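Written below as structure tokens is the structure these notes are about.
No hydrogens, no waters, no symmetry mates; every other heavy atom, side chains included, goes into these values. Note that the structure is predicted; figures quoted are calculated from it, not measured.
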Amino acid sequence: MDALSKDDKLGVIEKCRHGIVHFHIFHMGLSLHFPEEVFLNFASMVNEASSRLMDDSLAKLMGDSEGKEAE
């Protein structure tokens, strides 16, 4: 299998010779298996969710800093 990405604390994402993408999550003992096209859709969903979380965090930080300036 070819490693696509690895994080020693989280897990590894590999692609086997059959074109299946394997996502092994170490601390949960969980493996997800996706056809390449489905994995790309999953990765897009994760990217969108990550962007929204960062936007929410930034909005909260901006709101907190504006509240401190008003005081």
Side-chain angles (χ1 to χ4, degrees):
M1 276 201 237
D2 295 323
L4 301 173
S5 181
K6 183 175 182 180
D7 181 306
D8 290 332
K9 294 182 181 178
L10 178 61
V12 63
I13 299 172
E14 301 172 310
K15 182 178 174 185
C16 72
R17 62 187 172 129
H18 299 101
I20 301 298
V21 178
H22 302 261
F23 181 10
H24 305 285
I25 304 170
F26 297 148
H27 71 279
M28 297 178 72
L30 179 67
S31 292
L32 304 173
H33 309 275
F34 301 98
E36 188 172 345
E37 182 179 327
V38 174
F39 175 77
L40 293 172
N41 290 337
F42 174 74
S44 178
M45 287 177 53
V46 170
N47 188 37
E48 182 180 342
S50 176
S51 292
R52 287 187 180 191
L53 284 173
M54 288 192 306
D55 288 347
D56 290 349
S57 294
L58 181 58
K60 183 178 179 190
L61 283 173
M62 295 299 291
D64 288 349
S65 67
E66 288 175 4
K68 290 178 182 178
E69 290 176 10
E71 292 176 6

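In this structure, Val38 is not a member of the same hydrophobic cluster as Met45, with clusters built from ILVMFWY side-chain heavy atoms closer than 4.5 Å. In the hydrophobic cluster analysis, where Ile, Leu, Val, Met, Phe, Trp and Tyr join through side-chain heavy atoms closer than 4.5 angstrom, Ile20 is grouped apart from Leu30. Tracing side-chain contacts under 4.5 Å through hydrophobic residues (I, L, V, M, F, W, Y), one never reaches Leu61 starting from Leu53; they form parts of separate clusters. Cluster membership check: Val46 does not share its hydrophobic cluster with Met54, using side-chain heavy-atom separations under 4.5 Å among Ile, Leu, Val, Met, Phe, Trp and Tyr.
Other residues, nucleotides and ligands contribute more than 12 heavy atoms inside 6.0 Å of the CG atom of Asp7.
For the pair Lys15 and Met1, the minimum side-chain heavy-atom distance is 4.5 Å or more. Using a 4.5 Å heavy-atom threshold, the side chains of Phe39 and Ile13 count as touching. Side-chain contact check for Ser31 versus His22: every heavy-atom pair is 4.5 Å or farther apart.
Atom CE of Met62 is separated from atom OG of Ser57 by 13.0 Å, given to the nearest 0.5 angstrom. Rounding to the nearest 0.5 Å gives a distance of 12.0 Å between OG of Ser51 and CG of Leu58. To the nearest 0.5 Å, atom NZ of residue Lys6 and atom CD of residue Glu14 are 8.5 Å apart. We find the NE2-CG distance between His24 and Leu10 to be 12.5 Å, quoted to the nearest 0.5 Å. Rounded to the nearest 0.5 angstrom, Glu36 CD and Leu4 CG are separated by 8.5 Å.
Using a distance-only test at 3.5 Å, with no hydrogens or angles considered, no donor-acceptor pair links the side chain of Ser44 to the main chain of Leu40.
Remark: aromatic rings of Phe42 and Phe34 are close, center separation under 6.0 Å.
Annotation for Val12 and Ala3: closest pair CG2-CB, 4.4 Å, computed over non-hydrogen atoms.
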